Asker: 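What follows is a single structure, and I will ask about it in a moment.
Everything numeric in this text was worked out from a predicted model, so none of it was measured. In this chain, numbering begins with 1 at the start of the sequence shown.
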Amino acid sequence: MFTSTAEALTAAGRCTDGTPSLTRFAELSGLTDARHLYCAGSVYPENTEWPDGDRLFRIGRLQRKHAVPDSEWGSIWSVMRTLADLHGDEGVRLVVWFDG
C-alpha cells in the first residue's frame, strides 16, 4: 500500500499512452491542487479506486517494508527497535542526509 499518491504513481511509472501516471491520476480523481494531489490519502478515504483501462489507481497505505527493504536497512531497523524499547517510540527518529 502507499501513503501518498506520488509514491504509488512513481512505482507505476507512465500510462500506456505515455502520459505520466500522476497527470492521469489528476485527470481521473479531479484533484487540481498539487498539495492535494500528492497527499490524496488526506482527501479521499483509503481504498478509494479509479479504474483506468487495464490499470487501477487506489488510495492505500505504504508499509515501510515496501519502500525500504530489510535486506538493505535491516540492521538500522534493529537498532531503532532497540532504542524504541529503551526510550519509547516517540523518542526515536531517523534523520537521513542525501548529498548529491
Side-chain angles (χ1 to χ4, degrees):
M1 297 288 203
F2 301 98
T3 54
S4 77
T5 307
E7 291 168 318
L9 298 177
T10 299
R14 293 184 169 268
C15 295
T16 53
D17 66 359
T19 305
S21 295
L22 192 57
T23 301
R24 184 63 182 139
F25 175 72
E27 293 169 357
L28 292 169
S29 66
L31 293 173
T32 56
D33 183 314
R35 291 170 298 190
H36 291 151
L37 187 58
Y38 278 93
C39 297
S42 64
V43 177
Y44 293 105
E46 194 165 340
N47 295 319
T48 301
E49 297 180 341
W50 295 268
D52 183 36
D54 62 346
R55 299 171 61 128
L56 178 68
F57 294 92
R58 177 184 301 128
I59 301 295
R61 190 175 312 276
L62 178 65
Q63 296 177 1
R64 184 210 33 92
K65 67 182 179 181
H66 295 127
V68 183
D70 282 339
S71 60
E72 297 174 24
W73 288 68
S75 57
I76 292 170
W77 304 140
S78 178
V79 169
M80 290 184 72
R81 273 190 296 276
T82 301
L83 291 170
D85 288 344
L86 294 171
H87 305 289
D89 290 346
E90 295 301 315
V92 179
R93 297 284 181 270
L94 175 63
V95 178
V96 180
W97 177 275
F98 293 98
D99 188 27

Asker: In this structure, are over 12 heavy atoms from other groups packed under 6.0 Å from Arg35 atom CZ?
Answerer: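 No, because the 6.0 Å sphere around CZ of Arg35 holds 12 heavy atoms or fewer from other groups.
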Asker: Quick one: closest heavy-atom pair of Cys39 and Ser42, and the distance?
Answerer: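 That would be O-OG, 2.7 Å.
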Asker: Look up atom CZ in Phe57 and atom CG in Leu22, then write down how far apart they are to the nearest 0.5 Å.
Answerer: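 Result: 9.0 Å between the selected atoms.
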Asker: Only counting residues at least two apart or in another chain, list the ones meeting side-chain contact (heavy atoms from CB on, under 4.5 Å) with Leu94.
Answerer: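 With sequence neighbours excluded, Leu94 shows a side-chain contact (heavy atoms from CB on, under 4.5 Å) to Trp73, Ile76, Trp77, Met80, Val96, given in chain and number order.
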Asker: Name all residues meeting the side-chain contact (heavy atoms from CB on, under 4.5 Å) criterion together with Thr48; count only those two or more places apart in sequence or in a different chain, and write none if there are none.
Answerer: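 Here the qualifying residues are Tyr44, Pro45, Trp50, Ile59.
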Asker: Name every donor-acceptor pair, under 3.5 Å, that has one atom in a side chain of residues 81-91 and the other anywhere in the protein, sequence neighbours excluded.
Answerer:
from  : atom 1 : to    : atom 2 : distance (Å)
Thr82 : OG1    : Ser78 : O      : 3.1

Asker: I need the Asp52 CG to Ser29 OG distance, nearest 0.5 Å.
Answerer: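 Atom-to-atom, Asp52:CG and Ser29:OG are 11.0 Å apart.
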Asker: Stepwise, does the side-chain contact (heavy atoms from CB on, under 4.5 Å) test hold for Leu31 with Phe25?
Answerer: CA-CA 8 Å; Leu31 293 173; Phe25 175 72; 4.1 Å; yes
